[in-house]
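Numbering of ligands and ligand atoms starts at 1, following listing order.
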Amino acid sequence: MNHADLVGLLRDGITARGGKWADLGAGEGAFTLALADLLGPGAHITAVDRDRGSLRQLVEQMGRRFPQTGLDAVVADFTRPLELAELDGVVMANSLHFVREKRPVLANVRSLLRPGGSLIVVEYGSDRGNPWVPHPFSYPRWEQMAADAGFERTRILGTVPSRYLGSIYSAITFAPRPM
Ligand SMILES: C[S@@+](CC[C@H](N)C(=O)[O-])C[C@H]1O[C@@H](n2cnc3c(N)ncnc32)[C@H](O)[C@@H]1O
């Protein structure tokens, strides 16, 4: 997928420019760059990954292509508590499928978001894993998982064909707003 494809997967989930976002399992930053493109200058993104080398590449690319986006690169395990709060949004692209027991991670992620904040996942459209993608989840399963974790208004944003596991989808879900 090229940059335009990645932007296309996120586009309908980004309704406001700027704001405070995190990309969990950001890797070398393919989706961080897409997010920066959509959020525009003045946004702030915290990119989290346990792989320091990948984050180094991400920082270099972001500095070159989106220097006006605020960026923190944090080497951390996103299954552990993170020092982030009141985020407008979180992206988890091809990263949640490394976690078998997703419920506690989703509870953590929910607690990082402001009320009404959004979580965008990008994931393979399959419930059957392999050694490289151990625990993927199809969109119907994601709808249920997100609801079980207390998210609301889950909907699919886009789908693209993939050589691996058939397809990749993006979906958005929201932390509840107070009644
Ligand atoms: C397949 S890559 C996806 C990278 C990027 N999001 C993308 O779509 O191009 C998965 C990334 O998640 C990171 N990752 C997996 N489990 C993690 C965890 N528990 N904490 C932090 N990073 C994790 C890996 O280090 C890797 O960089």
Discussion item. Check D127 with R141, please: is the shortest side-chain N to carboxylate O separation under 4.0 Å?
Written reply: yes
Worksheet item: L82 and L24: side chain to side chain contact (heavy atoms under 4.5 Å, CB included), yes or no, with the steps?
Response: CA-CA 10 Å; L82 296 167; L24 305 183; 3.8 Å; yes
Worksheet item: Are any of the heavy atoms in A76 under 4.0 Å away from ligand 1?
Response: yes
Item to complete: Answer yes or no: does an N/O atom from H97 fall short of 3.5 Å to an N/O atom of ligand 1?
Response: no
Worksheet item: Does the side chain of L113 reach to within under 4.5 Å of the side chain of F151, using non-hydrogen atoms?
Response: yes
Fill in: Nitrogen or oxygen atoms of S54 and ligand 1 under 3.5 Å apart
no
Discussion item. Are any of the N/O atoms on F78, whether in the backbone or the side chain, positioned under 3.5 angstrom from an N/O atom of ligand 1?
Written reply: yes
Practice prompt. Distance to 0.1 Å, residue and atom name: give those for the protein heavy atom nearest to atom 15 (C) of ligand 1.
Written response: R50 NH2, 3.5 Å
Discussion item. If you measure every N or O of T79 against every N or O of ligand 1, does any of those distances drop under 3.5 Å?
Written reply: no
Practice prompt. Taking only heavy atoms of F31 into account, list the atoms of ligand 1 that are under 4.0 Å away from them.
Written response: 7 (C), 8 (O)
Worksheet item: With a 4.0 Å cut-off on heavy atoms, does D49 reach ligand 1?
Response: yes
Worksheet item: So W142 and F137, would you call those rings parallel, tilted or perpendicular, with 30° and 60° as cut-offs?
Response: tilted
Worksheet item: Do any nitrogen or oxygen atoms of S95 lie less than 3.5 angstrom from nitrogen or oxygen atoms of ligand 1?
Response: no
Discussion item. In the structure I gave you, are the side-chain heavy atoms of L96 and F98 within less than 4.5 Å of one another anywhere?
Written reply: no
Worksheet item: Can you tell which of G25, G29, A34 gets a heavy atom nearest to atom 4 (C) of ligand 1?
Response: G25
Worksheet item: Considering residues, nucleotides and ligands other than R153, do more than 12 of their heavy atoms fall under 6.0 Å from its CZ?
Response: yes
Worksheet item: Which residue supplies the protein heavy atom nearest to atom 5 (C) of ligand 1, what is that atom called, and how far is it?
Response: A26 O, 3.4 Å
Discussion item. I need the nearest protein heavy-atom contact for atom 19 (N) of ligand 1: residue, atom name and distance, please.
Written reply: D77 OD1, 2.9 Å
Item to complete: Report yes or no: does S95 contribute a side-chain atom to a donor-acceptor pair with the main-chain N or O of M92 at less than 3.5 Å?
Response: no
Worksheet item: Between A93 and ligand 1, is there a nitrogen or oxygen pair with a distance under 3.5 Å?
Response: yes
Practice prompt. Could you tell me whether some N/O pair between A30 and ligand 1 is separated by less than 3.5 angstrom?
Written response: no
Worksheet, complete the sentence: atom 8 (O) of ligand 1 has as its nearest protein heavy atom N94 ND2, 3.1 Å
Worksheet item: What do the steps show when you test R64 against Q61 for side-chain hydrogen bond (donor to acceptor under 3.5 Å, both in side chains), and what is the final call?
Response: CA-CA 5 Å; R64 210 163 49 77; Q61 287 289 320; 3.3 Å; yes
Discussion item. Has D49 got a side-chain atom pairing as donor or acceptor with L55's backbone, closer than 3.5 angstrom?
Written reply: no
Discussion item. Would you say that F31 contacts L10 through its side chain, given a criterion of any heavy-atom pair below 4.5 Å between the two side chains?
Written reply: yes
